[in-house]
Amino acid sequence: MPKKRKTLKDFDCPKTITINSTGIMIHPYVKNQSKLIESMCSIKEFNGRFYHNVETTGFYMKEIDMFLTHECFQTKLLQEQFPDYIIDIKTPDMGKQIPTYELNDDIDLTDVQYDVMSKAINSRRNKIFLNLPTAMGKTVIAIQLMISVLSKKVFIMCFRNTILKQWIRMMKEHTNTDMSKVCLIDSGAQLDAILDNNFVQQDCHIFLATPTLLHRFGEKHGWNKINDIFTNLGIGVKIYDEAHRHLGNIIKIDAVTNVYKTIYLSADFKQADEHKNRLYKRVFKNADVFKLDRDVVDDLKYTNAIVIHYSTNPTEEDRKKIFGNNHGFSKFEFMRYEISQKILLNAAKHYISIIQESNKFNSRILVLVSLVEHVELLYEEFKSIYSDSYIIGRFHSKVPEDEKKVVLSSAQIIISTYQSFSTGLDLQGDKIGHILSLDQVNEVEDNQSAGRGRRDDRFDTYYYIFVDDSFPYCIRKLRKRLQYLYNQKIKQIFSLRY
């Protein structure tokens, strides 16, 4: 017998719309209750699942009969759509004051960083987005803001614990922050203790956790309980690092929390998919977005792009395999085809040999692919060729942690997936000077990948894009990739044919 769909008559709780500084909660809510609101939030699915690449700015949470959105609808519209609901407009929670800390003398903010920080300080909005290039010091600016200027209890979130641990190390090594007052939350048991007000580190000043951990807590206890976590801790500021990632979690957490300031950090104020990008811009339409002026960005550029053209001449059967699924082009099938043709691998080896001859500063080489199977294949191939001259390393999710540490500290040629070698890596030793991108990634992935090369006054870094001219799709995509790269970080673009 099919389960009866709930209606509003099934609820005897108060009907409320809670509006805070960063979002809206509507409870109770049933599917299709307001098709206008759902359409304005681009709602497409209603099963309450967690989406990594969400195509919506609002969520109907079936399990708790609540609608959450990051959109800021006018009160008049909400009253028209929900005439029987009480609208509760919350003033932001200022949070508890903490002692002022300072950066150590070994860190001097640049004029550009001071300018960005001063704009953020003068912003009257609750939401601030620092959209700065990779290696620009977003973390340093945010730390200075939170410990020296805002001086309120803060909750820092990022999708990886490794990045959060880098925040902790940065504060320990480069500020006079009392580290006994810094707490990494990495378990649901800690959140349960905070909810019950018996957490042993409740008096800490700075808390860090992944949004995924908060998401799981919200699903277990109810999303409104996340605000109780922030209230019990006395949080006045929350920070999202890598804010272009896991947007669904950001929307949900923002809809239920209400703090004085929310700061978003990312090198990309963009999503690669055009539909998602429009939604992304809408999510932050009420934020002050701070970017560098065009001339400043151009002065800071230190990376050159080299496009390597080649042709595999695929058969019609090959093309059907690559484009034959319901979603169009499959980059995984494409890469399996490319690797099988050998020309891509030969081209990569050819240009690595050229790099070897001119690499007088011993900068490291990073080779990026999408699939773990290709990391392993290239790792074995490169070991057989270069192991007498270079330390070869592989880096992906299945590589043991001890091996990863060795790779980051000493490998001279590193083969990795894009996902594994993205943000938050503690790269020691010589800097990466050459990045070979073998797959057909999008422009945001390009920007993040090219950002793995760090500034060195002795040499520029080079980002190599390999393109199979046999596929018009790749040529069309290349134009978009290069345009975005040039706007973000590329000084010059060169084109070669293998």
Side-chain angles (χ1 to χ4, degrees), residues 268 270 272-274 303-325 327-355 365-371 373-375 377-378 381-382 413 415-419 421-422 432-453 460-498:
D268 292 284
K270 180 181 176 63
D273 178 86
E274 287 304 319
T303 304
N304 300 292
I306 299 179
V307 181
I308 312 297
H309 294 273
Y310 63 96
S311 297
T312 57
N313 300 315
T315 65
E316 192 59 34
E317 185 177 341
D318 293 327
R319 293 181 187 276
K320 284 182 179 178
K321 197 169 185 180
I322 294 167
F323 289 91
N325 63 72
H327 303 287
F329 179 85
S330 168
K331 72 175 184 178
F332 299 130
E333 289 298 333
F334 174 80
M335 278 308 295
R336 290 189 177 103
Y337 162 77
E338 293 289 317
I339 292 293
S340 72
Q341 297 303 297
K342 302 298 184 184
I343 187 171
L344 174 60
L345 184 56
N346 290 337
K349 290 188 289 187
H350 173 74
Y351 286 101
I352 287 175
S353 298
I354 293 175
I355 293 168
I365 300 170
L366 173 63
V367 181
L368 295 172
V369 292
S370 291
L371 297 173
E373 65 192 71
H374 294 154
V375 172
L377 186 150
L378 293 175
E381 180 82 11
F382 287 5
I413 299 178
I415 306 102
S416 174
T417 61
Y418 293 91
Q419 184 76 9
F421 217 90
S422 56
I432 292 174
H434 302 269
I435 302 135
L436 281 65
S437 175
L438 303 190
D439 209 339
Q440 298 303 298
V441 296
N442 62 54
E443 60 268 30
V444 174
E445 291 171 310
D446 270 327
N447 190 40
Q448 294 290 325
S449 300
R452 296 314 104 213
D460 283 349
T461 62
Y462 291 86
Y463 184 63
Y464 301 77
I465 300 174
F466 289 76
V467 179
D468 187 346
D469 290 348
S470 303
F471 294 88
Y473 170 86
C474 298
I475 300 297
R476 292 194 302 272
K477 190 172 184 177
L478 176 65
R479 299 188 191 105
K480 191 174 180 181
R481 294 169 67 186
L482 291 177
Q483 183 62 56
Y484 187 67
L485 275 173
Y486 185 75
N487 290 338
Q488 296 295 312
K489 60 165 49 71
I490 296 298
K491 290 170 61 175
Q492 297 182 82
I493 300 172
F494 303 94
S495 184
L496 303 173
R497 173 160 292 281
Y498 173 71

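Quick caveat, the model's predicted, so the values are computed rather than measured.
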Student: So, taking the atom named CD in Glu373 and the one named CE in Met335, what distance separates them when rounded to the nearest 0.5 Å?
Tutor: 9.5 Å
Student: Quick check for you: to the nearest 0.5 Å, what is the distance between Ser416 atom OG and His374 atom NE2?
Tutor: 14.5 Å
Student: Applying side-chain contact (heavy atoms from CB on, under 4.5 Å), name anything that partners Gln483, two or more places apart in sequence or on another chain.
Tutor: Asn487
Student: Quick one: does any side-chain atom of Ser470 pair with a main-chain N or O of Pro314 as donor and acceptor, under 3.5 Å?
Tutor: no
Student: Tell me, please, which residues at least two apart from Glu443 pass salt bridge (charged side-chain N to carboxylate O under 4.0 Å, His left out).
Tutor: Lys270, Lys480
Student: Distance check, rounded to the nearest 0.5 Å: Ile413 atom CD1 versus Leu378 atom CG?
Tutor: 11.0 Å
Student: Got a sec, which residues hit side-chain contact (heavy atoms from CB on, under 4.5 Å) with Leu377, two or more places apart in sequence or on another chain?
Tutor: Ile339, Leu345
Student: Considering only residues two or more places apart or on different chains, which pairs with a residue in residues 462-472 satisfy salt bridge (charged side-chain N to carboxylate O under 4.0 Å, His left out)?
Tutor: Asp469-Arg497
Student: In Å and rounded to the nearest 0.5 Å, what is the CD1 to CG distance from Ile465 to Leu485?
Tutor: 5.5 Å
Student: Identify, with sequence neighbours excluded, every residue that meets side chain to side chain donor-acceptor pair (under 3.5 Å) alongside Ser437.
Tutor: Tyr418, Tyr463
Student: Can you list everything that forms a ring pair (Phe, Tyr, Trp, His ring centres under 6.0 Å) with Phe382? Sequence neighbours excluded, please.
Tutor: Tyr386
Student: Is there side-chain contact between Leu368 and Val441, with heavy atoms separated by less than 4.5 Å?
Tutor: no
Student: Could you walk me through whether Phe421 and Ile435 pass side-chain contact (heavy atoms from CB on, under 4.5 Å), step by step?
Tutor: CA-CA 11 Å; Phe421 217 90; Ile435 302 135; over 6 Å; no
Student: Please answer whether the main-chain N or O of Val444 pairs with a side-chain N or O of Asn442 as donor and acceptor at a distance below 3.5 Å.
Tutor: yes
Student: State, yes or no, whether a side-chain contact exists between Lys321 and Arg336 at a heavy-atom distance under 4.5 Å.
Tutor: no
Student: Kindly write out the residues that satisfy side-chain contact (heavy atoms from CB on, under 4.5 Å) with Gln440, not counting sequence neighbours, or none if the list is empty.
Tutor: Phe329, Phe334, Cys474, Lys477, Arg481
Student: Could you go step by step and tell me if Ile322 and Phe471 meet the side-chain contact (heavy atoms from CB on, under 4.5 Å) rule?
Tutor: CA-CA 10 Å; Ile322 294 167; Phe471 294 88; 3.6 Å; yes
Student: List the residues meeting side-chain contact (heavy atoms from CB on, under 4.5 Å) with Glu316, not counting sequence neighbours, and say none if there are none.
Tutor: Arg319, Lys320
Student: Applying ring pair (Phe, Tyr, Trp, His ring centres under 6.0 Å), name anything that partners Tyr498, two or more places apart in sequence or on another chain.
Tutor: His350
Student: Who are the ring pair (Phe, Tyr, Trp, His ring centres under 6.0 Å) partners of His434, not counting sequence neighbours?
Tutor: Tyr462, Tyr464
Student: Where do Val367 and Leu438 land on the side-chain contact (heavy atoms from CB on, under 4.5 Å) test, with the steps shown first?
Tutor: CA-CA 7 Å; Val367 181; Leu438 303 190; 3.9 Å; yes
Student: Step through the shown structure and confirm whether more than 12 heavy atoms of other residues, nucleotides or ligands are within 6.0 Å of OH on Tyr486.
Tutor: no
Student: For residues 489-496, please give each side-chain donor-acceptor pair under 3.5 Å, one per line with the distance, not counting sequence neighbours.
Tutor:
from   : atom 1 : to     : atom 2 : distance (Å)
Lys489 : NZ     : Thr134 : OG1    : 3.2
Lys489 : NZ     : Asn447 : O      : 3.1
Lys489 : NZ     : Asn447 : OD1    : 2.4
Lys491 : NZ     : Asp460 : OD1    : 3.4
Lys491 : NZ     : Asp460 : OD2    : 3.0
Ser495 : OG     : His309 : NE2    : 3.2

Student: CD1 of Ile308 to CG of Leu436: how many Å apart, nearest 0.5 Å?
Tutor: 8.0 Å
Student: Mind checking the OG1-CG spacing from Thr461 to Asn304? Nearest 0.5 Å is all I need.
Tutor: 7.0 Å
Student: Mind checking what makes side chain to side chain donor-acceptor pair (under 3.5 Å) contact with Gln341, not counting sequence neighbours?
Tutor: none
Student: Any luck finding a side-chain donor-acceptor pair between Ser449 and Asp446 under 3.5 Å?
Tutor: no
